[in-house]
Amino acid sequence: MNIGVISVQIVSISSLKGGVGKTSVTSGLVSAALSAGLRTLVIDLDPHADLSTAMGLPSTREHSIGDLLKRPRRIDLQDHVRVAPWVGIAAKNDSSGERRVLDIIGGSATTGLYDRPDLSTRDIRRLETLLARTTEYDMVFIDCPPSFSGLTRMAWATSDDVVLVAEPGLFSVAGTERTLRALRMFSAAFAPHIMTGYVVANRVRADFPEHSYRVDEMRQMFGDVLLEPILPEYYEWQQVQGAAYPIHYWPTAEARAAAARFDELLGKIQHSPKTPPAA
Ligand SMILES: Nc1ncnc2c1ncn2[C@@H]1O[C@H](COP(=O)(O)OP(=O)(O)OP(=O)(O)O)[C@@H](O)[C@H]1O
Ligand SMILES: [Mg+2]
């Protein structure tokens with residue numbers, strides 16, 4: 001989104017299928033942005049608020065995105081953002097003394113009010129209105145619920161780039177293909193500013209022939225839209241999430257390898273080539 005000469009890149013992470021790793025991929029990208037020193041805002045649009053939990057944010061309805069969406073024109077976002085607890089973890093582990101900016105607007109069940117298939121065009125624009133005057137950040141990441149209902153459409157209407165997460169299974173690959181089509185149609189009707197639709201393959205096991213087959217299939221189907229590197233199944237992932245830790249600051253070799261992959265993915269998403277979603 002261009003605000004005067006200042007450009008804030010808004011990226012939403014979604015999939016129509018549940019449990020494929022949207023929240024995990026969002027948290028990995030946010031961790032990469034934190035470690036890279038980007039000024040970052042996170043919006044947890046899922047009524048289940050898993051990302052808020054994974055980032056150690058105590059849940060309150062007050063200041064949650066559901067509350068703010070009710071009156072987007074009257075809100076100064078900076079009065080409602082909360083400093084993400086990950087900033088403290090980064091500060092403790094980082095000797096550079098560099099000041100990190102990572103803010104979050106937490107999720108809450110209130111958001112569920114907007115997760116309807118019949119959301120009006122005016123309502124779809126609520127998040128865009130809320131973010132319209134935001135200039136404090138380099139990047140905004142939005143974690144979406146698993147549906148193409150009101151909330152995901154609200155996120156897409158606001159985004160410059162959309163990341164679709166897919167597991168290497170038949171239904172997930174087919175679902176992602178349909179979602180890319182839905183994204184192109186949505187973009188044409190509501191959000192001509194959406195620059196890129198990406199696919200990230202998650203939870204890939206090198207020892208599963210079916211997974212290798214599906215990843216090859218995705219490479220053929222999606223071409224450059226499928227981002228490399230793919231993300232393997234990480235055995236420590238749930239432990240890291242359970243500790244509400246950013247992967248870049250978890251002190252194991254597996255976490256370092258995962259962090260490096262998220263750095264690469266962020267590098268590809270950031271300053272993305274400004275072309276419409278592939279036809
Ligand atoms: N690469 C991975 N390696 C290991 N576990 C993973 C990986 N990605 C996700 N998971 C685990 O899979 C589960 C579902 O992931 P996650 O919550 O990120 O999915 P989601 O798409 O956001 O789900 P929902 O649709 O409910 O929002 C979580 O327990 C998470 O820890
Ligand atoms: Mg989720």
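Every number for a ligand or one of its atoms is a count from 1 in the order of the listing. Residues take their numbers from the sequence shown, with the count starting at 1.
For the residue pair Lys17/Ser172, the side-chain donor-acceptor check at 3.5 Å is not satisfied. For the residue pair His248 / Asn93, no side-chain donor-acceptor distance below 3.5 Å is found, with atom types taken as modelled.
Contacts of Thr23 classified as side chain to side chain donor-acceptor pair (under 3.5 Å), with partners at least two apart in sequence or in another chain: Asp143.
For an aromatic pair to be called close, the ring centres must be under 6.0 Å apart, and Tyr249 with Trp86 fails this.
Residues Phe262 and Val30 form no side-chain contact, since every pair of their non-hydrogen atoms from C-beta on lies 4.5 Å or further apart.
The backbone N or O of Leu68 lies less than 3.5 Å from no partner atom in the side chain of Arg126, so there is not a single donor-acceptor pair.
Sorted by chain and number, the residues within 4.0 Å of ligand 1 by heavy atom are Gly18, Gly19, Val20, Gly21, Lys22, Thr23, Ser24, Asp46, Pro146, Asn202, Arg203, Pro232, Glu233, Tyr234, Trp237, Gln238, Gln241.
When distances to the Mg ion (ligand 2) are checked against a cut-off of 2.8 Å, Thr23 contributes an N, O or S atom below that limit.
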